[in-house]
2 protein chains.
Amino acid sequence: MSIKQQRRGTGSATISDVARLAGFSPMTVSRVINGGGNVKESTRDAINAAIKELNYSPNPAARSLAGVEPIRIGLLYSNPSAAYLSEVLVGSLDRASRIDVQLVVARCEPPENYREAAEHLLERGVHGLILTSPLCDLQEVVDVVTEGDQPVVALAGGKPSDDLITINVDDFEAAHAMTKHLIGLGHRRIGFIIGSPIQAASGRRLEGYRAALAEAGIPADEKLIEQGHFTYRSGLAAADKLMDLAVPPTAVFASNDDMAAAVVAVAHRRGLDVPNDLTVCGFDDTAFASSIWPELTTIRQPIAEMARTAVDMLTDEILAHRAGKSLPREHRIAAFELIKRQSDAPPKNSR
Amino acid sequence: MSIKQQRRGTGSATISDVARLAGFSPMTVSRVINGGGNVKESTRDAINAAIKELNYSPNPAARSLAGVEPIRIGLLYSNPSAAYLSEVLVGSLDRASRIDVQLVVARCEPPENYREAAEHLLERGVHGLILTSPLCDLQEVVDVVTEGDQPVVALAGGKPSDDLITINVDDFEAAHAMTKHLIGLGHRRIGFIIGSPIQAASGRRLEGYRAALAEAGIPADEKLIEQGHFTYRSGLAAADKLMDLAVPPTAVFASNDDMAAAVVAVAHRRGLDVPNDLTVCGFDDTAFASSIWPELTTIRQPIAEMARTAVDMLTDEILAHRAGKSLPREHRIAAFELIKRQSDAPPKNSR
DNA sequence: TTGAAAGCGCTAACAC
DNA sequence: GTGTTAGCGCTTTCAA
């Protein structure tokens with residue numbers, strides 16, 4: 001039933017098919033695809049239409065064989081919260097391999113070697129850089145990587161600026177949503193553990209919490225707010241302080257899962273049941289959140305998806321750069337999700 | 001100083017270079033590379049020598065352009081312990097993209113849909129399958145995937161057999177090493193939490209523990225051995241039983257990190273310090289191990305590396321299969337590592 | 001058992 | 001602005 005192709009060929013549309021349909025030469029199609037200059041507006045449109053109609057996409061093998069310089073992207077990470085890092089890797093590796101982009105991964109531990117690490121990557125000829133979480137918040141690191149003219153994207157962190165493409169969830173909105181959820185459950189004394197002060201997201205999460213409280217007409221009580229550092233250990237300390245309060249909170253919202261897990265541990269140590277005696281919520285939905293018991297209600301950032309987006313955006317920038325154009329630095333917002341699990345309940349004395 | 005290549009070209013050796021050096025045509029070289037039949041022994045040797053001398057390796061882009069059927073590997077996973085899964089993905093994606101192998105990933109949740117999931121992959125035209133951890137231990141799943149004649153590799157799990165290529169650490173040796181480490185610290189009453197009974201590794205770990213005890217002349221006490229299921233929750237229950245013993249253990253060795261983390265939680269809840277009042281060790285070195293406090297002493301399986309190996313072995317098999325040869329099913333052992341962190345110490349009353 | 005020719009899909013170089 | 005030509009490195013087909 002299947003007609004054998006003349007020789008081989010995958011069956012999908014080629015650049016010549018597009019050229020024929022649009023009434024131009026393959027070369028012109030190639031120019032359009034690669035954002036090359038010097039193509040008449042009308043020609044470009046016709047070709048784009050043909051591309052769409054044929055659902056054409058260039059064959060990467062042919063492309064690389066024809067000698068285009070491959071796109072290389074550097075990924076700089078540090079302090080690997082294993083779960084976060086691997087989501088980043090999964091997402092970016094996946095997309096990179098799909099669109100045939102080389103990914104060079106390097107670890108960098110500021111303050112020691114961030115300069116070297118960045119320079120090392122640049123020497124390896126990367127055309128753009130992805131900066132992962134704690135790194136995008138270190139001004140020195142950002143300064144170093146934005147020195148050259150390669151585009152840089154900050155993944156889940158960093159302040160939107162003219163130097164940086166950023167991809168974030170709306171931390172304010174997310175913390176706001178979680179706090180509102182807690183208020184909806186009936187909580188009035190809601191403890192909050194702030195994240196590491198060096199990360200911009202920490203402040204935004206705190207503001208979201210404050211705003212939700214204010215909107216509900218709940219007076220702010222500064223004693224309910226403790227500083228943490230995104231580590232389990234800092235969560236332990238903060239939780240202890242919170243639970244030692246004369247009137248302890250009925251719920252604690254920690255700025256990440258590690259600290260939330262620590263709150264659960266402290267509660268248990270004190271003979272408190274979670275969630276019946278204390279509601280605990282986290283942020284990030286790392287492996288932690290669903291491995292401990294009870295499983296944590298938390299905010300999920302689509303890290304893998306964001307990493308994919310990062311690769312895409314960076315690739316677009318690099319291509320634009322090669323074609324001599326320049327795109328404005330974009331600041332993308334990804335959708336968060338409130339994941340309700342078993343660590344939250346109405347406060348005990350509510351009715 | 002650099003002489004511009006005539007037009008482009010990467011500079012590395014091509015099939016023609018090899019052909020010229022060996023004194024044959026590119027075609028014959030191609031045959032040798034692809035394991036094709038009909039090449040004289042002496043010719044083959046000469047060409048192989050030339051390949052080696054030039055350090056030649058075929059250009060995958062050219063290859064795929066020339067229309068060889070791409071190698072497609074299916075990866076079947078379930079019950080994603082996020083950390084484990086992403087290590088698997090990172091390793092396999094990385095290697096697959098490097099050697100230009102397509103990886104098709106599918107989730108499968110037995111007992112519902114393992115048959116469909118496997119068949120779905122096969123329909124997508126995969127030439128071989130990787131089975132990740134809990135799956136390789138389910139006989140029904142193994143039966144289904146080995147029905148056809150595609151090669152299957154079991155990654156970190158499964159019983160070595162004629163149907164399956166397996167890649168494992170030596171669970172017996174690893175558990176043995178950890179137990180010995182604990183004994184070396186001075187512990188005599190060492191609790192053990194067994195992993196899920198459906199996974200073959202659980203039994204091997206238990207045996208390793210037993211053997212080390214026996215070697216040290218420590219009489220086995222069955223009360224110190226509790227059944228778990230690799231979940232945090234089962235670890236909680238097992239730890240409670242262990243700590244309720246008239247003479248509780250001074251150390252607990254859990255068959256994975258999740259359960260070890262649960263032991264730490266129970267200890268803390270009971271006012272016990274880890275490691276000073278109780279030593280706790282895990283297995284796997286997942287994110288958990290280094291996120292909680294104290295960080296867990298544990299056994300590390302080089303999952304990502306093992307995944308890379310899996311892709312390589314499968315690819316070799318598929319290539320051999322295509323060339324009409326058949327390799328014996330290999331059973332590879334990867335090296336584990338005992339990661340010493342802060343959750344172990346000599347027993348209190350030792351001196 | 002080996003080789004020659006042609007072509008996979010694309011783009012760089014150079015016309016026009 | 002657009003087209004022509006040639007060739008990237010490999011494999012298939014077919015002939016010797």
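Here the structure is a predicted model, which means the values were calculated and not measured.
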Would you mind telling me which of [options] lies closest to the side-chain atoms of [X]?
{"X": "A:Met27", "options": "D:dT13, C:dT2, C:dA13", "answer": "C:dA13"}
{"X": "B:Arg63", "options": "C:dG9, D:dT11, C:dT11", "answer": "D:dT11"}
{"X": "B:Thr28", "options": "C:dC10, D:dG9, C:dT2", "answer": "C:dT2"}
{"X": "A:Thr43", "options": "D:dG1, C:dT11, C:dG9", "answer": "D:dG1"}

Give the minimum heavy-atom separation between B:Ala61 and A:Leu65, together with the two atoms involved.
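Distance-wise, the nearest heavy atoms are CB-N, 4.3 Å.
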If I take atom CD1 from residue B:Ile167 and atom CD from residue B:Glu330, how far apart are they, to the nearest 0.5 angstrom?
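Going from the CD1 atom of B:Ile167 to the CD atom of B:Glu330 covers 8.5 Å.
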Can a salt bridge be assigned to the pair A:Arg115 and A:Glu147 using a cut-off of 4.0 Å between side-chain N and carboxylate O?
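Salt bridge present between A:Arg115 and A:Glu147.
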I need the [atom1]-[atom2] distance between [X] and [N], as an integer number of Å.
{"X": "B:Ile47", "N": "D:dC10", "atom1": "CD1", "atom2": "C1'", "result": "15 Å"}
{"X": "A:Leu65", "N": "D:dA6", "atom1": "CG", "atom2": "C1'", "result": "13 Å"}
{"X": "A:Phe24", "N": "C:dC16", "atom1": "CZ", "atom2": "C1'", "result": "16 Å"}

On the nucleotide C:dC10, are OP1 or OP2 found under 4.0 Å from the side-chain N or O atoms that A:Ser30 carries?
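Negative; the distance criterion is not met.
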Closer than 4.0 Å, any side-chain N/O of A:Asn59 to the OP1 or OP2 of C:dC8?
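No, A:Asn59 has no side-chain N/O under 4.0 Å of OP1/OP2 on C:dC8.
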Start at the 5' end of DNA chain D and walk down; is the nucleotide closest to B:Pro58 or to A:Ser25 reached first?
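Nearer the 5' end of the strand: A:Ser25.
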Is a donor-acceptor contact shorter than 3.5 angstrom present between the side chain of B:Arg31 and the base of C:dG3?
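Between C:dG3 and B:Arg31, which were checked side chain against base, a qualifying N/O pair under 3.5 Å is present.
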Take a 6.0 Å sphere around NE2 of A:His321 and say whether it holds more than 12 heavy atoms from other residues, nucleotides or ligands.
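Incorrect, the count does not exceed 12.
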